[in-house]
Amino acid sequence: MNQEIHITFPNEISLTIKREDLIHPFVSGNKFRKLKYNLLQAKAENHTTVVTFGGAFSNHIAAVAFAGKEQGFKTIGIIRGDELFDKIEENPTLKFAQQNGMEFEFVTREEYRLKNEISFLEKLKNKFGYFYLVPEGGTNELAVKGCEEILTTEDAIFNYVCCAVGTGGTISGLINSALPNQKILGFPALKGDFLKDEIRIFAKQDNWDLISDYHFGGYGKISLELIEFINAFFEENKVPLDPIYTGKMVFGVIDLIYKNYFPEHSKILLIHTGGLQGIEGMNLKLKQKKLPILKRNV
Ligand SMILES: Cc1ncc(COP(=O)(O)O)c(C=O)c1O
């Protein structure tokens with residue numbers, strides 16, 4: 001569903017948001033798109049167990065747990081941070097995943113970095129047997145295929161399409177399905193120059209760019225300005241944004257509109273990739289830091 005944002009911008013620019021967050025209450029946004037063909041493939045290969053990776057507040061971990069349960073898979077989450085093993089109860093994401101049947105293997109940050117090494121995968125095979133592996137963030141070729149279905153014919157009127165970037169799978173799907181008149185702009189939620197190379201693995205067109213000025217200090221980092229922006233955006237437009245990905249992207253796009261980055265009459269489509277489950281965990285951190293919380297609690 002596309003929702004128009006009723007803000008009067010300079011240069012007759014219009015902003016619309018694609019509410020992919022409303023696709024499913026727990027497997028929302030890009031998670032639904034990324035898992036669709038992966039779980040079909042897992043079924044086709046007669047797998048009964050799905051293994052994946054993620055951090056303490058990972059949207060992907062929550063989504064795999066729920067989608068796995070719905071589709072009859074046993075799910076195992078390899079979680080970054082061995083200190084978390086006795087903190088499940090106080091972590092809304094892990095608690096949700098566990099309630100939906102996910103088993104965890106907590107590993108140190110050093111071990112986690114080895115997650116793509118053959119020796120690490122061999123260890124997992126010895127422990128868990130035959131399984132279907134979904135990579136961190138869910139990004140692989142089948143995930144990109146799913147994300148190619150985000151844009152539809154009704155979106156042909158937009159000349160800019162903007163999304164948040166983590167591992168690069170979502171933007172790759174958008175790039176591949178974009179029309180010649182459309183430019184795809186990605187807003188990385190983390191620091192680092194490696195993302196362009198990751199995207200080039202899957203992207204089949206060069207109609208895109210990354211805007212790296214809106215990560216707010218890095219992955220999971222947020223500021224008072226960002227919290228106030230997300231809360232005001234929700235109050236004015238009734239669209240909840242998450243603090244890790246979509247909040248930063250929408251902040252960036254609106255900032256760029258006022259900095260005259262976009263030509264006159266641009267029609268901009270924002271992709272709401274979900275991630276709202278992360279608000280609860282972020283609010284716990286904000287309370288500890290005595291910062292205001294994000295108002296939309298889901
Ligand atoms: C809510 C949300 N938006 C955007 C992204 C970024 O997607 P990708 O990892 O495909 O770049 C993620 C991470 O997967 C996410 O959880």
Side-chain angles (χ1 to χ4, degrees), residues 17-38 52-67 77 80 93 96-97 134-151 161-177 184-192 194-203 208-212 214-216 219-220 222 230 239-253 270-282 294 296 298:
I17 186 157
K18 185 175 275 296
R19 298 292 307 271
E20 291 274 294
D21 56 311
L22 300 176
I23 291 182
H24 185 286
F26 303 113
V27 193
S28 82
N30 60 352
K31 302 296 165 264
F32 181 92
R33 305 290 182 181
K34 288 176 168 189
L35 289 173
K36 177 179 168 185
Y37 291 109
N38 271 295
T52 196
F53 304 91
F57 297 97
S58 165
N59 297 320
H60 171 68
I61 286 290
V64 169
F66 195 89
R80 184 180 57 227
T93 302
F96 172 85
V134 179
E136 185 183 38
T139 289
N140 59 14
E141 217 162 293
L142 290 173
V144 173
K145 180 177 166 184
C147 292
E148 288 172 6
E149 295 174 359
I150 295 174
L151 291 178
V161 177
C162 303
C163 72
V165 179
T167 56
T170 309
I171 193 173
S172 299
L174 295 169
I175 291 167
N176 293 347
S177 60
I184 312 295
L185 295 180
F187 291 74
L190 61 162
K191 281 192 212 168
F194 59 95
L195 272 172
K196 280 199 169 173
D197 292 334
E198 297 286 312
I199 294 167
R200 284 193 195 101
I201 297 173
F202 301 109
W208 58 280
D209 210 348
L210 292 187
I211 296 181
S212 302
Y214 296 98
H215 54 62
F216 287 80
Y219 186 76
I222 75 171
I230 292 173
V239 179
L241 300 172
D242 86 290
I244 315 283
Y245 293 100
T246 55
K248 294 181 179 182
M249 180 270 292
V250 178
F251 183 104
V253 173
L270 309 169
I271 308 298
H272 195 318
T273 38
L276 299 173
Q277 70 83 33
I279 290 179
E280 208 182 328
M282 180 59 83
L294 295 154
R296 173 76 180 351
V298 284

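One-based numbering along the sequence shown. Whatever order the structure lists ligands and atoms in, that order sets their numbers, starting from 1. In what follows, every heavy atom counts, from backbone to side chain, and hydrogens, waters and symmetry copies are set aside.
Remark: ligand 1 and Thr167 share an N or O pair separated by less than 3.5 Å (distance only, no angle test). The distance criterion of under 3.5 Å between nitrogen or oxygen atoms is met by Thr170 with respect to ligand 1.
Close approach of ligand 1 to Gly169 (heavy-atom distance below 4.0 Å) involves ligand atoms 8 (P), 10 (O), 11 (O). In the vicinity of Gly275, heavy-atom distances shorter than 4.0 Å reach the ligand 1 atoms 1 (C). Taking every non-hydrogen atom of Gly274 and a distance limit under 4.0 Å, the qualifying atoms of ligand 1 come out as 1 (C). Atoms of ligand 1 lying under 4.0 Å from any heavy atom of Gly166, numbered from 1 in the order shown and given with element: 6 (C), 7 (O), 8 (P), 9 (O), 11 (O). Close contacts between ligand 1 and Asn59 involve ligand atoms 1 (C), 15 (C), 16 (O) [criterion: under 4.0 Å to a heavy atom]. Each of the atoms 7 (O), 8 (P), 9 (O), 10 (O), 14 (O) of ligand 1 lies under 4.0 Å from some heavy atom of Lys34.
Under the 4.5 Å side-chain criterion, counting only non-hydrogen atoms from C-beta, His215 is not in contact with Leu190. At least one side-chain heavy atom of Leu210 sits less than 4.5 Å from a side-chain heavy atom of Lys196.
The two atoms that bring Phe32 and His24 nearest to each other are CD1-CB, 4.5 Å, heavy atoms only.
For the residue pair Thr93/Gln277, the side-chain donor-acceptor check at 3.5 Å is satisfied.
The shortest separation from a heavy atom of Val165 to ligand 1 is under 4.0 Å, placing the residue in contact. Distances from ligand 1 to the non-hydrogen atoms of Gly29 include no value under 4.0 Å. At least one heavy atom of Asn30 lies less than 4.0 angstrom from ligand 1.
Atom CD of Glu141 has 12 or fewer heavy atoms from other residues, nucleotides or ligands within 6.0 Å. Counting heavy atoms of neighbouring residues, nucleotides and ligands inside a 6.0 Å radius, atom CZ of Phe202 exceeds 12 of them.
Distance from atom 14 (O) of ligand 1 to its nearest protein heavy atom, with residue and atom name: Lys31 NZ, 2.8 Å.
In Thr273, the parts holding a heavy atom less than 4.0 Å from any atom of ligand 1 are both the side chain and the backbone.
Side-chain atoms of Thr273 never come within 3.5 Å of backbone atoms of Asn30 as a donor-acceptor pair (strictly under, hydrogens ignored). Put simply, the side chain of Thr139 never gets that close to the backbone of Pro135: no donor and acceptor are under 3.5 Å apart.
Here Lys248 pairs with nothing under the salt bridge (Lys or Arg N to Asp or Glu O under 4.0 Å) rule; sequence neighbours left out.
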